[in-house]
Amino acid sequence: MATHKLLLLPGDGIGTEIMASARQVIAWFDARLGAGTFALEEDVVGGAAYDAHGKAISEAAMDKAMATDAVLFGAVGGPKWDGVPYDARPEAGLLRLRKDLALFANLRPAICYPALADASSLKREIVEGLDILIVRELTGGVYFGEPKEIRDLGNGQKRGIDTQVYDTYEIERIVRVACDLARTRGKKVTSSEKRNVMKSGVLWNEVATRVGRDEYPDITLDHMLADNCGMQLVRWPKQFDVIVCDNLFGDMLSDIAAMLTGSLGMLPSASLGAPDTRTGRRKAMYEPVHGSAPDIAGTGAANPIAMIASFGMALRYSFGLVAEADLLDKAIAAALETGARTRDIGGGGATLVGTDGMTAAILKALDELSA
Ligand code: IPM
Ligand code: MG
């Protein structure tokens, strides 16, 4: 069995707590697949890296990220680092990883586990059985476009500038990722932009339409303005299969989608680069969609499911261990069926557990399902 290299970057706040859970799950699969299947390295990122090195990620950590098979990322940020220089803020570490590893395709699946249909703020019939996938462009758009600055206009006024910019190839490749994934699911892609006010949206719409028509005649590709898409996600989310959108809209729409699943603590993500022309391997990073939750950090109350499911996505997309990934998804569902609930997904009649309790419930379900 080949060795799979994983770089663990727990980060800040609950990042370290949920990464400890992921470690236990990795150890479980390591034992199952043969000790040494996973080779782990670890480093600091975000505020922790700022404290250690004065920057949000060290060059040594970047080198490790470049060389590994997959990065498992926790979460970064917190009030402690509110005052640090903009370029050294914790989020800069995450954005540098995405950009330098060229992880342009961000997959954010929103699945409503049956046991959690009542945990959402939306009605059961709206979310029950939900299984949608948001494909977010991750290395372009307003996150990285230049100029990006605050300009002093010299008359007592300043001007804050961000630049939304997309080239044809960036739109083509993310639409292809969405369409390829749709082929394995419901064969429907909704492309979302704001072509009614943004030139980048006009181009996005044009390119998406062409790629869909010329390369994916078997996929139903439709278009929806991003504001409407946000509204439709809470009105009737089951109309969607795959949603493809730019970096900023994807950031917002995926937070909305998270609430359909019961909690932001449920959403994993995969960020993938292009396949290497020689080896076919993609650079990859897996991270929960949620942040470092400074309000509950240190209390042991964090929901580890998004982190654990992110490792599940690594099994699926980086290591080709599809049966193992399916097993882990089943174990998460089974743990929820037992009534175990962290505070964020707690509801009437549930057994309230902390990070450790939920992790233990998932490990127990793994044992039972594989017995
Ligand atoms: C996300 C986060 C990040 C983003 C932050 C932490 C920079 O919100 O992954 O959705 O805006 O992309
Ligand atoms: Mg976000």
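Indexing begins at 1, ligand by ligand and atom by atom, following the structure's order. Excluded from the calculations below are hydrogen atoms, water molecules and symmetry mates; all remaining heavy atoms, backbone and side chain alike, are included.
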- Could you please spell out the steps behind the ring-ring contact (aromatic ring centres under 6.0 Å, His included) verdict for Y317 and Y286? CA-CA 10 Å; Y317 292 106; Y286 300 87; 7.2 Å; no

- Query: Does any non-hydrogen side-chain atom of E287 lie less than 4.5 Å from one of L9?
  - Reply: no

- Item | Shortest non-hydrogen separation from K283 to M66 and the atoms involved | NZ-O, 3.4 Å

- Query: Has K194 got its NZ or CZ under 6.0 Å from the middle of the six-membered ring of F249, at an angle within 45 degrees of the ring axis?
  - Reply: no

- Item | the Mg ion (ligand 2) - closest N/O/S atom in D251 | OD1

- Under the 6.0 Å and 45° cation-pi test, does R32 pair with F29? no

- Under 4.0 Å between a Lys/Arg side-chain N and an Asp/Glu carboxylate O for E368 and K364? yes

- Taking any residue with a non-hydrogen atom under 4.0 angstrom from an atom of ligand 1, which ones do you get? E91, L94, R98, R108, R136, Y143, D251

